[in-house]
There are 2 protein chains.
Amino acid sequence: MRLTSPKREARYRQLLQAALKIFGRDGIDGASVADIAEAAGVAKGSVYLYFDSKEALAGDLVRHLFTFEDDGARLSDELEPLARILAFCESHEKRILSLGDDAPVVLHMFGHVGKKADDQLGRGVRQLMAESRFAIQVLLRRAMDKGQVPGCDDCGRGAAILLATMMGTVHQKLAMPDLVGEGGLGVRDAVSNAMRGLGALM
Amino acid sequence: MRLTSPKREARYRQLLQAALKIFGRDGIDGASVADIAEAAGVAKGSVYLYFDSKEALAGDLVRHLFTFEDDGARLSDELEPLARILAFCESHEKRILSLGDDAPVVLHMFGHVGKKADDQLGRGVRQLMAESRFAIQVLLRRAMDKGQVPGCDDCGRGAAILLATMMGTVHQKLAMPDLVGEGGLGVRDAVSNAMRGLGALM
DNA sequence: GGCGCATCTGACCAACCGGTCAATAGAGAC
DNA sequence: GTCTCTATTGACCGGTTGGTCAGATGCGCC
């Protein structure tokens with residue numbers, strides 16, 4: 001059938017969006033498949049035509065949320081390495097915050113990282129974090145080779161610091177938006193601050 | 001009855017410890033009261049003699065885990081303000097990591113911080129974070145008055161950065177212990193790095 | 001022993017869960 | 001219209017949950 005593929009994809013995205021809302025509201029364990037189906041406007045049984053299980057749905061969602069599909073620019077050579085790290089962090093922040101009221105789902109997902117080691121969702125999140133750290137590490141090394149980070153001789157550790165700063169800041173904005181002032185604490189501020197600490201000449 | 005009070009307290013702590021283990025393993029929504037009771041060596045019904053509900057149990061646990069009862073030294077004047085901030089962060093890290101295999105419960109709890117606004121557990125976590133930020137802010141201001149942080153003119157923002165760094169680093173250590181090298185990325189390293197960024201003369 | 005009382009128990013309950021599947025609806029071909 | 005095949009449904013299932021409560025248990029006291 002010709003209509004099948006586009007139709008299926010539309011339903012698939014429809015379900016992902018509904019899952020985003022319900023997972024964000026109730027958590028992943030707390031959410032019920034029935035609620036997700038209702039939010040998507042389909043019957044509960046239909047969910048299982050697109051996903052093997054609730055956990056698989058969550059896994060697909062995390063991949064969908066954190067795939068940096070539009071970040072080609074990040075890897076281009078238009079920007080200096082350090083500026084690219086900042087752009088990467090800002091892009092991450094923007095994508096998360098653009099979820100608006102559904103953003104807390106991210107907290108639930110990261111909260112899952114730590115459960116049973118063979119947990120599908122946890123493995124997915126952990127892999128994404130590892131990839132992010134590696135991307136930052138590569139950029140940091142290039143910056144180091146250019147002499148832009150004189151105080152930093154361990155790019156792995158530096159990348160870990162920057163990633164932790166980025167994650168912590170986004171987490172803070174999601175969980176406690178009223179903790180910081182009006183404009184709020186931007187990820188760019190926090191990460192570039194950490195870069196200054198690394199010895200960057202910015 | 002004279003025995004009541006100490007006995008009750010012992011049971012109470014016994015249940016908190018069991019909850020820590022089970023919540024850490026299964027998450028808060030995922031954990032069952034029966035499992036917690038079994039881990040504590042009591043019948044399920046007994047849990048409700050000490051806590052109104054599972055959520056209340058989680059709330060008490062979060063208060064128990066994050067109450068800085070032994071941090072009196074932090075507020076003494078034996079250390080310089082900036083050193084005290086570092087001591088505070090290290091104390092937090094130590095307390096969390098000392099939970100060992102049960103530590104992931106912390107992630108689950110932070111993951112809860114986005115649920116319904118009137119969620120008891122979420123409010124508790126948020127309040128604790130706000131208190132921590134305030135404590136750091138006060139110390140930062142003192143350091144600023146002493147001229148130790150010349151580049152920092154907004155203590156609230158500075159405290160938010162330091163807190164986010166601390167939280168992000170602890171989170172990273174809990175969720176992805178293999179992401180950083182052998183010794184790992186310490187909270188002291190990350191926070192003092194952020195302080196250097198703030199302009200501290202350390 | 002026996003009384004009084006706080007503590008504890010575990011069978012029980014209604015509600016809900018993730019997941020299944022026989023039945024139904026609907027779209028395109030002719 | 002009608003035949004075919006796929007997409008969709010929602011009643012249904014076994015299992016589990018948080019929470020209750022009537023009764024058992026144990027301890028201090030007389």
Side-chain angles (χ1 to χ4, degrees), chain A residues 1-23 25-61 108-109 112 115-116 118-122, chain B residues 1-23 25-61 105 108-109 112 115-116 118-121:
Chain A
M1 197 192 280
R2 238 160 291 105
L3 284 183
T4 299
S5 184
K7 244 188 177 177
R8 267 192 77 86
E9 192 167 324
R11 269 262 196 276
Y12 180 85
R13 291 184 179 279
Q14 191 179 350
L15 281 166
L16 279 186
Q17 193 151 349
L20 172 64
K21 181 198 289 270
I22 303 300
F23 282 154
R25 193 190 63 189
D26 298 336
I28 294 179
D29 283 319
S32 80
V33 176
D35 280 358
I36 294 170
E38 187 188 345
V42 301
K44 189 173 74 164
S46 293
V47 173
Y48 292 92
L49 297 174
Y50 295 87
F51 306 94
D52 287 339
S53 65
K54 189 173 81 164
E55 201 193 343
L57 169 49
D60 279 19
L61 181 58
H108 295 296
M109 285 176 157
H112 261 71
K115 288 181 73 172
K116 296 182 171 181
D118 57 352
D119 176 63
Q120 179 182 354
L121 182 55
Chain B
M1 196 191 281
R2 236 161 292 105
L3 285 184
T4 299
S5 185
K7 242 188 176 177
R8 267 192 77 86
E9 191 166 326
R11 271 261 195 277
Y12 179 86
R13 291 183 180 279
Q14 191 179 351
L15 281 165
L16 279 186
Q17 194 152 345
L20 173 64
K21 181 198 287 271
I22 303 301
F23 281 154
R25 192 190 63 188
D26 298 337
I28 294 179
D29 284 319
S32 79
V33 176
D35 281 357
I36 294 170
E38 188 188 344
V42 301
K44 192 174 71 163
S46 294
V47 174
Y48 292 92
L49 297 174
Y50 295 88
F51 306 94
D52 286 340
S53 65
K54 190 172 80 166
E55 201 195 338
L57 169 51
D60 279 19
L61 181 58
V105 70
H108 296 298
M109 287 177 157
H112 261 72
K115 288 182 75 171
K116 297 182 173 182
D118 57 349
D119 176 63
Q120 179 182 357
L121 182 55

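Side-chain atoms are counted along with the backbone in the values below, which use heavy atoms only and exclude waters and symmetry mates. Just so we're on the same page: letters track the sequence lines, and every chain starts at 1. Treat the numbers as computed from the prediction; the structure is a model and nothing was measured.
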Rounded distance (Å) that lies between atom P of dT7(C) and atom CD of Glu9(B):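 Going from Glu9(B) (CD) to dT7(C) (P), I get 14 Å.
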What is the distance, rounded to the nearest whole Å, between atom CD of Glu38(B) and atom P of dT17(D)?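 Interatomic distance, CD of Glu38(B) to P of dT17(D): 11 Å.
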To the nearest 0.5 Å, what is the distance between CG (Leu15(A)) and CG (Leu61(A))? 11.0 Å
How would you summarise protein contacts on nucleotides 8-19 of chain C per nucleotide, using B for base, S for sugar-phosphate only and - for none, with heavy-atom distances below 4.0 Å? BBB------SBB
Tell me, please, which residues at least two apart from Phe51(A) pass ring pair (Phe, Tyr, Trp, His ring centres under 6.0 Å).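 Ring pair (Phe, Tyr, Trp, His ring centres under 6.0 Å) list for Phe51(A), sorted by chain: Tyr12(A).
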Tell me, please, which residues at least two apart from Tyr50(A) pass ring pair (Phe, Tyr, Trp, His ring centres under 6.0 Å). none
So does Ala31(A) get a backbone contact from the side chain of Lys54(A), meaning a donor-acceptor N/O pair under 3.5 Å?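 Indeed, once roles are kept as given, a pair shorter than 3.5 Å links the two residues.
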Which atoms form the tightest heavy-atom contact between Glu55(A) and Gln120(A), and what is the distance?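 What the structure gives for the nearest pair is OE2-N, 3.0 Å.
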